[in-house]
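As the structure is a computational prediction, the values presented were derived from the model and not from experiment. The analysis underlying the following values was restricted to heavy atoms, covering all of them including side chains, and did not include hydrogens, waters or symmetry mates. In this chain, residues are counted from 1 in sequence order.
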Amino acid sequence: MVRRLLPLLLVGLFSAHAHAGLFDDDEARARINKMRDDFNTRITKLEDANNRAQLDFANQIEQLKTEIARLRGENEVLTNDLANANKRQKDFYVDLDNRLRKLESAPGSGDGAQQAQPQQATAAVDPANETRDYEAALNQLRAGKYKDAAAGFNAFLKNYPNSGFQPNAHFWAASALYQAKDNAGAAEHYAKVANQWPDDTRAPDALLGLANAQQGLNDAKGATKSLERLLAKYPNSSAAQIARQRLKK
């Protein structure tokens with residue numbers, strides 16, 4: 001009887017062992033699959049985070065390039081303005097000297113007349129004061145003293161309402177105010193240039209500056225309209241190239 005049961009017992013033990021081995025293999029395989037899935041998920045997350053970081057970095061670089069291009073352009077214009085102001089001052093002194101020579105050589109002019117006429121001419125030296133005050137504000141801007149520069153340009157605009165420097169003074173007042181974080185004041189001056197002197201060489205940059213100031217005021221719609229206006233009115237300007245890039249974003 002025992003001999004008959006022994007084979008059956010051995011078969012049962014073998015079957016149970018084989019079943020347990022199969023179960024262990026399935027469990028191990030499931031764990032491996034889970035580990036692989038977890039690993040792949042983590043790799044995917046890391047890749048996504050890396051891609052986002054690269055995209056943010058690329059956007060920051062693009063913004064820096066745009067800002068550098070704008071600052072270079074403003075620096076070139078500022079340098080040109082200063083050179084023009086110096087030339088205008090020299091031309092004024094030459095013209096004043098010629099006018100004084102004519103007055104001195106006028107027939108019938110006595111000593112009293114010679115003394116009175118130069119005094120009248122000297123009292124009318126407004127262009128010299130105009131150039132001096134404009135240069136003073138420019139120098140403040142070049143030195144990075146933005147609040148002082150803005151105050152200087154605003155005083156200039158008030159004191160010389162008919163000056164040929166009016167559009168320039170408004171533009172640089174806006175630039176100084178923007179650098180001083182006064183976006184509302186900057187927007188007002190930029191808009192003045194764009195609206196009152198649309199044919200001025202600074203009008204495209206004024207619209208771009210206006211969009212920047214509006215963006216600083218969280219006026220996204222206004223900034224978009226200013227950029228679209230810039231593209232429509234001055235499509236071939238360097239400012240329009242920057243506007244296209246911003247509108248794409």
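- Leu231 and Leu210 fall within a single hydrophobic cluster, where Ile, Leu, Val, Met, Phe, Trp and Tyr side chains are chained together by heavy-atom contacts under 4.5 Å.
- To the nearest 0.5 Å, atom CD of residue Gln214 and atom CG of residue Asn183 are 10.0 Å apart.
- Contact between Pro198 and Ala203 at its shortest, heavy atoms only, is O-CB, 3.5 Å.
- Residues Ala150 and Ala173 share a closest heavy-atom pair of CB-O, 4.5 Å.
- Among all heavy-atom pairs drawn from Ala243 and Leu230, the shortest one is CB-CD2, 3.7 Å.
- Of the listed residues (Arg202, Lys192, Gln196, His189), just one forms a side-chain hydrogen bond (donor to acceptor under 3.5 Å, both in side chains) with His170, and that residue is His189.
- Residues Leu141 and Lys145 have side chains not in contact (no heavy-atom distance under 4.5 Å, counting atoms from C-beta outward).
- Once rounded to the nearest 0.5 Å, the distance linking CG of Asn212 with CG of Leu207 reads 11.0 Å.
- Residues Leu247 and Ile242 share a hydrophobic cluster, clusters being chains of Ile/Leu/Val/Met/Phe/Trp/Tyr side chains in contact below 4.5 Å.
- When all heavy atoms of Ala149 and Ala176 are compared, the closest pair comes out as CB-CB, 4.1 Å.
- Side chains of Ser226 and Gln215 form no contact here, defined as non-hydrogen atoms less than 4.5 Å apart.
- Side-chain contact between Leu138 and Asn168 is absent, with no heavy-atom pair separated by less than 4.5 Å.
- The OH atom of Tyr190 sits 14.5 Å away from atom CG of Asn195, with the distance rounded to the nearest 0.5 Å.
- With contacts defined as side-chain heavy-atom distances shorter than 4.5 Å, the pair Phe165/Glu130 qualifies.
- Residues Phe153 and Ser175 have side chains not in contact (no heavy-atom distance under 4.5 Å, counting atoms from C-beta outward).
- From Gln140, atom CD reaches atom CG of Asp148 across 5.0 Å, with rounding to the nearest 0.5 Å.
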Is there a side-chain contact (heavy atoms from CB on, under 4.5 Å) between Arg229 and Tyr234? Walk through the geometry before answering. CA-CA 8 Å; Arg229 179 182 171 191; Tyr234 312 100; over 6 Å; no
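- When all heavy atoms of Pro167 and Gly164 are compared, the pair lying nearest together is CD-O, 3.7 Å.
- Looking at heavy atoms from C-beta onward, Tyr146 lies out of side-chain contact with Leu177 at the 4.5 angstrom threshold.
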The test is side-chain contact (heavy atoms from CB on, under 4.5 Å); show your working for Lys158 and Asn154 and say whether it passes. CA-CA 6 Å; Lys158 180 180 179 181; Asn154 281 328; over 6 Å; no
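- Side-chain contact check for Tyr160 versus Asn129: some heavy-atom pair is nearer than 4.5 Å.
- For the atom pair CD (Glu228) and CZ (Arg244), the distance works out to 13.0 Å, reported to the nearest 0.5 Å.
- In this structure a side-chain-to-backbone donor-acceptor pair under 3.5 Å is missing from Thr131 to Ala128.
- Interatomic distance, Asp182 CG to Glu188 CD, rounded to the nearest 0.5 Å: 9.5 Å.
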